[in-house]
Engineer: 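A single structure is presented below for examination.
Only a predicted model underlies this, so the values are computations on that prediction, with no experimental measurement involved. Hydrogens, waters and symmetry mates are skipped; everything else that's a heavy atom, side chains included, is used. Each chain gets a letter, A, B and so on, in the order its sequence line appears, and its residues count up from 1.
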Amino acid sequence: MLRVERLRKRYDSGGRRDDAGHLAVDGVSFQVPDGKMYTLLGPSGCGKTTTLRCVAGLETPSDGTISLGGSVLYDAADDINVAPNRRQLGMVFQSYAIWPHMTVAQNVSYPLRIGGRAQRVPKAQVRERVEAALAAVHLEGYEDRRATALSGGQQQRLALARALIARPRMLLLDEPLSNLDAKLRESMRLELKRLQRESGITSLYVTHDQVEALAMSNVVAVMKDGQIVQEGSPVEIYKSPVNAFVADFIGSANLLDGTVRSTQAGDCCVVEVGGGLLYAQPSPASPELRSGQEVLIAMRPECITIEGRDDAQPPAADTPGWLEGIVRNRAFLGESVEHEVEIAGSVVRTRGMDIQPRGIGEHVWLRVRGEDSRIVPTG
Amino acid sequence: MGVISSRWGRIAGILIAAVVLPPVLVVVLSGFNAQMLGAGFTFTVDAWQAVFSNTRSLSAIITSFLLTVRVPIGLAIAFAFAWALIRLDIPCKRTIEYGLWFAFFVPTLPLMLGWILLLDGNYGIIATAAPFLDLEIYSFTGILWVHLTASTIPVIVIFLRPALQHLDVGLEEAALLHGATRWQVWRTVTLPLVAPAVATAFLAGMIKGLEVFEIEQILGLPAGIQVFSTRIFALLAWDPPIYGEAMALSTIFLALMILAAVVYVRFAARRGETPTIGLKGRVAQLPPRDALAWLFFAAIAFYFLIGLLLPLAMVVMGSFSRLFGFFDLANPLTLSHWADVLRAEAFSRAIRTSVFVGLGVAGIGTVVYGLLGWAMCRAPSRSRSWWLVGVLVWIPWAVPGILLGVAYLMIFLNAPFVRHYHGTIVPMIVVLLVMTMPLAVAMLQSAAGQIPREFEEAGLMAGASRLATLRTVTLPLMAPMMVSVFLFALMQTLRDISATVLLATPSTRTLPLLMFSYASGGRLEAASVVGVIIAVTALIITVAVLKMARRLGFET
Ligand SMILES: Nc1ncnc2c1ncn2[C@@H]1O[C@H](COP(=O)(O)OP(=O)(O)OP(=O)(O)O)[C@@H](O)[C@H]1O
Ligand SMILES: [Mg+2]
């Protein structure tokens, strides 16, 4: 179990008086249970990498504690800071950091050949373990290749093999897939998840790609400005964002301003937005709602269905769940079609699989079910 | 770990300041001191009055500046060459490249000997064959000519080329597509883009051009031409040496150099900001080989032939001639000078000294500057102490060799503790280390900069200690550049005269100093023998460095 508590990291300003430095991580606490994959998700500059590097020991935190399986790695109060090479962690870097002056086998076997005498492994065993490690990532037979002669995907797998070969206590991954092309990224995502599950290694994963985070993690933590704003299972994060930032960041939701019209305890309430009335679910984190309160409603594009004006059931103008609008833009994305529909001045995006593209300028109805639109606290 | 801490920056700063600042302080203070360094301080302005009371010292500085007129001339020619080499499909590019680097590395003194052999009024081949041309090597134009052909042109080509090479042609194409004519594109896009690089090269050329010594000493003396460095040399050759005036004069010169260096740094910094000249730029497609390419090829070949091969051939011939310049003797050719030189005690001592000094400078320099360059790369970008280290490292670049030599001479003559080392090779190693510092550190810093920090962090994460990471990851990746720096420092030992001439005793002369003393003593044949040996060494080192550069991937 990795435990991170009240972690803070302020980047040094180099002794300049006019500059207090930059607070990259601002009191982050979380736990990664054994064998689980925990993901830090957030936009660029939110402090994910810094958090990960503090765990790795490559960056010295300004405050807080980090412990792994009962042993303290860092403790500001007790002035403990274990050197990165003594933490027994495996790490996959965004750029892979495959050493160009070594062969594939030399790269993989490095963690077994280097380090304190106690860590070192007998020569005969090294061979075996290199073979096993390369086989696990489907790189058997590449032992004597120069590492630079590998493709991006192969280098990625080599980096993974190198990170795992010494059987580290934990695996750290910083955007390991971001340098791969779309197709490769998808297959590596599955591969990575398989390896993690099979080896049962506790992992801390950093990414800014919400799809990756949702697809791979047991727990996702969404970060903003050096703080964790929401933590939960991928489904929880996706379904019940605690605020507009999370809603917007995960799957680029539509956000509409509205006013609460009626409330039913613990259940759906009716909210008036520009183009009509909607049923919406209050978020678990939001306080009690009152009639007349200004709120923000989040709707995922794929949960909105588009109906033609003259389709079967033209709803009564004030039936909740229906919004009237005009198609302003559309895009064919291969597996789905996106529309941008203007509703009383704001634009709502929809994404669907099986519908005919609507004509631009066409008047349409949007249908949003109560369980798919969620009231989120503003801010 | 991650980065090198500011504490290491302070330590490095203090160590570098300890070798870089004393020469400057010694020069400035000694100008105002009536006593010798170390004996005490009595304030006086006598030395300064001496400088201003006669015209010789001041006019020497003016002459130094007048002689830099070669820089704009050289720049114009070098720019044309560099441009043609990049944008035209010139034949034999590889050979031209080797030639340029050879010209860059080979010391000027052997080439100058060649020119004396060609143009000396009494026995020069050209001078005697065509007296009506009235060519005189011992003159202002003679000095200009030797500098221009032997160093100014090749050095500027080498410095300009990378900047021109990385010019993104997309920027020019964009202007073409908007309807500009080729000439308009050149005037409105290309020229403004390359201007900072050209200005930087110009200033660097001026600064380096002001500090030359040996050509002026040998060619200027008979003609009564004195420049700053030879004036200092003359003042110190008096018995007793006139230290005060030499130091006051040096202070003036130092102030001018530092002014120029500040302007230079400003320009260089501005150039760094020009986003268009970066590694990402798309390099121009070469047009088919046309008449223009052949024309430039002819011009460049002509330059190599006249500027380099001709004087070199003369030196070789001179080393085998019975009497320098007199080829119409009954037996004009002889091996006796080679035999004399090779047998001389002075020569074997010079070889020994050169090897010890060269290996000392190259060995210490490579290790120390390798660590320094690496640390400067890994230092926190906003650390003040590391910023200061970066400034200190460049100071020797603006200090002329002769001035460094004088300052260290005074230190090693008078300062406690180190006084003990005067007359050994230690002062020479120190002064050469200081002299090579700016370029060596810059080269190694750029090599370290090409190693992603993650490579080292991956080593740490794999369980290797910091030192083990440095040894197994950083060192192998920096090795080719370290070898280049090693050879560069070795070459510096084999070419330097100005910094070491005052520090060497007759028993601790390096090869270039031996050549210089033969040449100043009128033994031109013996000087030629040593010159040939140095030139051949330079050739070998050039090839080795280029091979290294290829391995580094700096395919130029
Ligand atoms: N060495 C450093 N010195 C000073 N500031 C830094 C340093 N490294 C990062 N920062 C700053 O700290 C903040 C967090 O950086 P961090 O690299 O952790 O972000 P990130 O979430 O990983 O972003 P990305 O997705 O772009 O990688 C940023 O504002 C960044 O500018
Ligand atoms: Mg990051």
Engineer: Kindly give the heavy-atom pair with the smallest separation between B:Phe455 and A:Ile98, and that separation in Å.
Structural biologist: CZ-O, 3.5 Å

Engineer: Give a yes or no on this: more than 12 heavy atoms of other residues, nucleotides or ligands lie within 6.0 Å of atom CZ of A:Arg146.
Structural biologist: yes

Engineer: If you take all heavy atoms of B:Thr469 and A:Tyr110, which pair is closest and at what distance?
Structural biologist: CA-OH, 4.3 Å

Engineer: Heavy-atom distances under 4.5 Å only: say whether A:Arg162 touches chain B with side chain, backbone, both or neither.
Structural biologist: side chain

Engineer: With a 6.0 Å cut-off (strictly less than), is the heavy-atom count around CZ of A:Arg185, excluding the residue itself, greater than 12?
Structural biologist: yes

Engineer: With a cut-off of 6.0 Å (strictly less than), are more than 12 heavy atoms of other residues, nucleotides or ligands near CG of A:Asp79?
Structural biologist: no

Engineer: For A:Ala166, which atoms come within 4.5 Å of any heavy atom of chain B: side chain, backbone, both, or neither?
Structural biologist: neither

Engineer: Show the nearest heavy-atom pair for residues B:Ala462 and A:Ile114, with the distance to one decimal.
Structural biologist: O-CG2, 3.9 Å

Engineer: Please look at A:Ile165 and chain B and tell me whether the side chain, the backbone, both or neither of the residue comes under 4.5 angstrom of a heavy atom of that chain.
Structural biologist: neither

Engineer: For A:Asp75, give me all partners under side chain to side chain contact (heavy atoms under 4.5 Å, CB included), at least two apart in sequence or on another chain.
Structural biologist: A:Thr65, A:Val72, A:Ala77, A:Asp78, A:Ile80

Engineer: Would a distance-only check, ignoring hydrogens and angles, find a side-chain to backbone donor-acceptor pair under 3.5 Å from A:His101 to B:Thr472?
Structural biologist: yes

Engineer: Side chain to side chain contact (heavy atoms under 4.5 Å, CB included) with A:Pro84: which of B:Glu457, B:Met461, B:Arg466?
Structural biologist: B:Met461

Engineer: To the nearest 0.5 Å, what is the distance between CG (A:Leu89) and CG (B:Leu460)?
Structural biologist: 11.5 Å

Engineer: NZ of B:Lys93: more than 12 outside heavy atoms within 6.0 angstrom?
Structural biologist: yes

Engineer: Which value, rounded to the nearest 0.5 Å, describes the distance between A:Leu58 atom CG and B:Glu454 atom CD?
Structural biologist: 9.5 Å

Engineer: Taking only residues two or more places apart in sequence, or in another chain, which ones meet B:Ala442 in a side chain to side chain contact (heavy atoms under 4.5 Å, CB included)?
Structural biologist: B:Trp394

Engineer: If you look at every heavy atom in B:Leu477 and A:Pro100, which pair is closest and at what distance?
Structural biologist: CD2-CG, 3.8 Å

